[in-house]
Amino acid sequence: MYRAGRSVANRYLVLYYFPRSDESAPSNAATSSRIGFSVSKRLGSAVDRNRVKRSLREASRLSEARIQGGFDVVLIAREPMTELLDRGGAGAVEEKVLEVFRKASLLAPQEEQRPS
RNA sequence: AGGGCAGCCCGGGUAGCCGCGGAGAGGUGUCGGCCCAAGGGUCGGGACGCUCUUCGAGGAAAGUCCGGACACCGCAGAGCAAGGUGUUGGAUAACGUCCAACAGGGGAAACCCUCGGGAAAGUGCCACAGAAAAUACACAGCACGCCAGGGUGGUCAGCCACCCCGGUUGCGAAGGUGAAAUGGUGCGGUAAGAGCGCACCGGCGUCGUGGUGACACGGCGGCCUGGCAAACCCCACCUGGUGCAAGGCCGAAUAGGGAGGCGCUCGAGGGCUGCUCGUCCGAUGCCUCCGGGUUGGCUGCUAGAGACGCGUGGUAACGCGAGUCCCAGAUGGAUGGCUACCCUAGACAGAAUCCGGCUUACAGGGCUGCUGACGUG
RNA sequence: GCCCCCAUCGUCUAGUGGCCUAGGACAUCGCCCUUUCAAGGCGACGGCGGGGAUUCGAAUUCCCCUGGGGGCA
C-alpha cells in the first residue's frame, strides 16, 4: 500500500488508496472498498485513540454508499484529529473524511454532483 | 446538628432507530458432497450470509513494583557468587501483602504514623570547626598535695610567708567548637576534682512474676563501652532460568546455497544460570558470518485460589458448610452514532494467559460505626 | 502484551556521600588584540527531570511518578 499506492491529505487525515487486484473479488467496481484505520500513539492514550478510531469508522460507515468501490484504502489520523473531535464532534470528522475522499476522486460520480 | 476519625459501596439512568464482537438455535439464500429422466431431489451445518435469543471493559482494566498458577528449557543435585526480606504471633497457594499485638512518636478523643534484627565478630567513614570524632593518651589547661631549685620579705640564723620554673602525683571536659563530646539534674565532698557519695530520672546486667512471644512490672547489683549497616558486612529465612511473542499442531515458500573454524568415542560442541564440580545430550555433527524464503490458520483461551447471598468458627485477616448462578474472549484487535426525557450535568480512564496484592490517577454521590476539644441549644 | 536500559548547562560529557556555591569542551554575550574578519587571550551567562525517605549532610543511597530509547513472533 505505502510503496505502490497513491496518497492525498488534509490537516487531519492522510489517505492511501490502491485498486484491488484480488482474484476472490473479480467484479471490482461492484464490491465496496476495504478501509483500514491507523491511529498512532502520538494521538494520546488508549481511550483517546479508540475514540478517534470509532469516529472514523462510523463516518466511513455512514458514507459507504457514496464511496467508489474496488479499492483498498488506509486512513491515517494526524495529531490535530483529537482536538477536532473534541470541538466539532462526529459531524466534523465525517466532513473531513468526505473531503479527503473527494480530493482522491473516490466519491461515486452520481453523488459528486449532489451538493451536500 | 456542624466538625473530626475509620470502614464499605456506587462510578449517569430510561426509551427508540442504525451499527460492532462472542455463544447458542433455525435451515426459506449461497457454497460443498451424492443421485438424476436435467425440472430438481437429498445430505451436511464445514465456509460466507440471513432470522431469532442471549452476553459484551475497570475500580483502578494503568504502572509492571512484588507474589503465585500454568508452560517450556539435555529433571533443575551440591557449593560459591548474586539478589531479596528483616520487632513478635498469626492468615494465606504465596508474598515485600493483610490482621492482631509490642515498642517509639502525634492527637482532647475516636484514631493515626514508623524498612522497627545485630554497632562488646571484624573493616571502614564521621567534611568544616574543635584539644579530642572513639582510644583514652598526647597538646593546651586546672590543683599546688609531694620533691628539687631560684627569688623577695621577716628574722642573727634555723625557720616561716608569698611568688616563679621544672618534675611527680591527681584531675577530667567547665568556657568554647560541632549534627553528635565519655550518662543527665541537684546537693554533698575535695588541694583541685571526678558516680567519689546521696536523691530522682535514663541505660545495662541479673533474679522473680505475667505472657506462645516481642515485651511489661517489681527486687537486687554496680556504673563499663557515641553515630552511620537505604557503608562493606554478620545472623536468620527465601529465590534454578525464561516468560502465553511461553508452548503445541497444520499449511505455504525458498537454494538442504556460499565462506571460515572445530571435531568423530582418549570426543568438537552444547544449559533461556555468573563460576566450579557433578549429571545429561552428542557425529556427513556443531559454531560464526554472508546470502535467500515465510510474515498464514488452529490451539493455549478462559468454570476460576470464581461470583452472590445464608449459616457457622475466629478479636481480626481468614477458614468451613450447604445452596444458587455462569459473568468479555478480540487477533489491525470488538461497547459506537443519532434522537427524546430526567438528575446531583457525568472524573480518572479501555480487557489481551489468569489470579492475590502494592503503588499511582480520579468529578461527584451514598451507607454504617465511633468520638465530643471548640461553638449552638 | 512481556522484558530491559537511560536521564547533569543550548549540545557532548566528568563527577560513586562532605574538598561541589557541580568541573571541562563547543556554542552565546562583553572586552582586548587586528585596518576589518577569523584564530588567540580574559571575563560573564547558564545545569543535577519531579516528589518523598535514609543521613548531621544526597547529583551520588532507597521508594514512587514523569519523559525518552531498545529487544522478543
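All chains are named by letter (A, B, ...) in the order of the sequence lines, taking the proteins before the strands, and each is independently numbered beginning at 1.
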- Task: Using only side-chain N and O atoms of A:R57, determine if any of them is under 4.0 Å from OP1 or OP2 of B:rG333.
- Result: yes
- Query: Now, which nucleotide makes the Watson-Crick or G-U wobble pair with B:rU54, with each of the two distances under 3.5 Å?
  - Reply: B:rG22
- Same-atom distance (P) from B:rA361 to C:rC6, integer angstrom: 26 Å
- What interatomic distance, in whole Å, is found between P of B:rA216 and the corresponding atom of B:rG107? 23 Å
- If you take atom types as modelled and just measure distance, does the side chain of A:R54 reach the base of B:rG350 with a donor-acceptor pair under 3.5 Å? yes
- Report which part of the nucleic acid A:S55 touches: base, sugar-phosphate, or nothing (heavy-atom distance under 4.0 Å, all strands). nothing
- Are A:Y16 and A:R6 close enough that some pair of their side-chain heavy atoms sits under 4.5 Å apart? no
- Query: Starting at the 5' end of RNA chain B, which residue's closest nucleotide do you reach first, A:V47 or A:F37?
  - Reply: A:F37
- Query: Mind telling me whether C:rG10 is syn or anti, cutoff 90° either side of 0?
  - Reply: anti
- Item | Rounded distance (Å) that lies between atom P of B:rU335 and atom CD of A:E58 | 10 Å
- Expressed as a whole number of Å, how far does the C1' atom of B:rU206 sit from that of B:rG7? 48 Å
- Distance between C1' atoms of C:rG30 and C:rG49 (Å, rounded): 32 Å
- Task: Determine the interatomic distance between P on C:rU36 and the same-named atom on C:rC31; round to the nearest Å.
- Result: 13 Å
- Query: For the pair made of CZ in A:R49 and P in B:rA351, what is the distance, rounded to whole Å?
  - Reply: 9 Å
- Task: For nucleotides B:rG226 and B:rA136, find the distance between their P atoms and express it as a whole number of Å.
- Result: 11 Å
- Item | Complement of B:rG321, any strand, by Watson-Crick or G-U distances under 3.5 angstrom | B:rC310
- Item | Identified pairing partner of B:rG29, criterion: Watson-Crick or G-U wobble below 3.5 Å | B:rC48
- Task: Could you classify C:rU35 for me, syn or anti, using a glycosidic angle within 90° of 0 as syn?
- Result: anti
- Distance between C1' atoms of B:rC343 and B:rU51 (Å, rounded): 39 Å
- Note on the structure: Scanning all shown strands, the Watson-Crick or wobble mate of B:rA120 with both distances under 3.5 Å is none
- Whole-angstrom distance between B:rC310 and B:rG4, as gauged at atom C1': 37 Å
- Could you tell me whether the phosphate oxygens of B:rC20, OP1 or OP2, come under 4.0 Å of any side-chain nitrogen or oxygen in A:R61? no
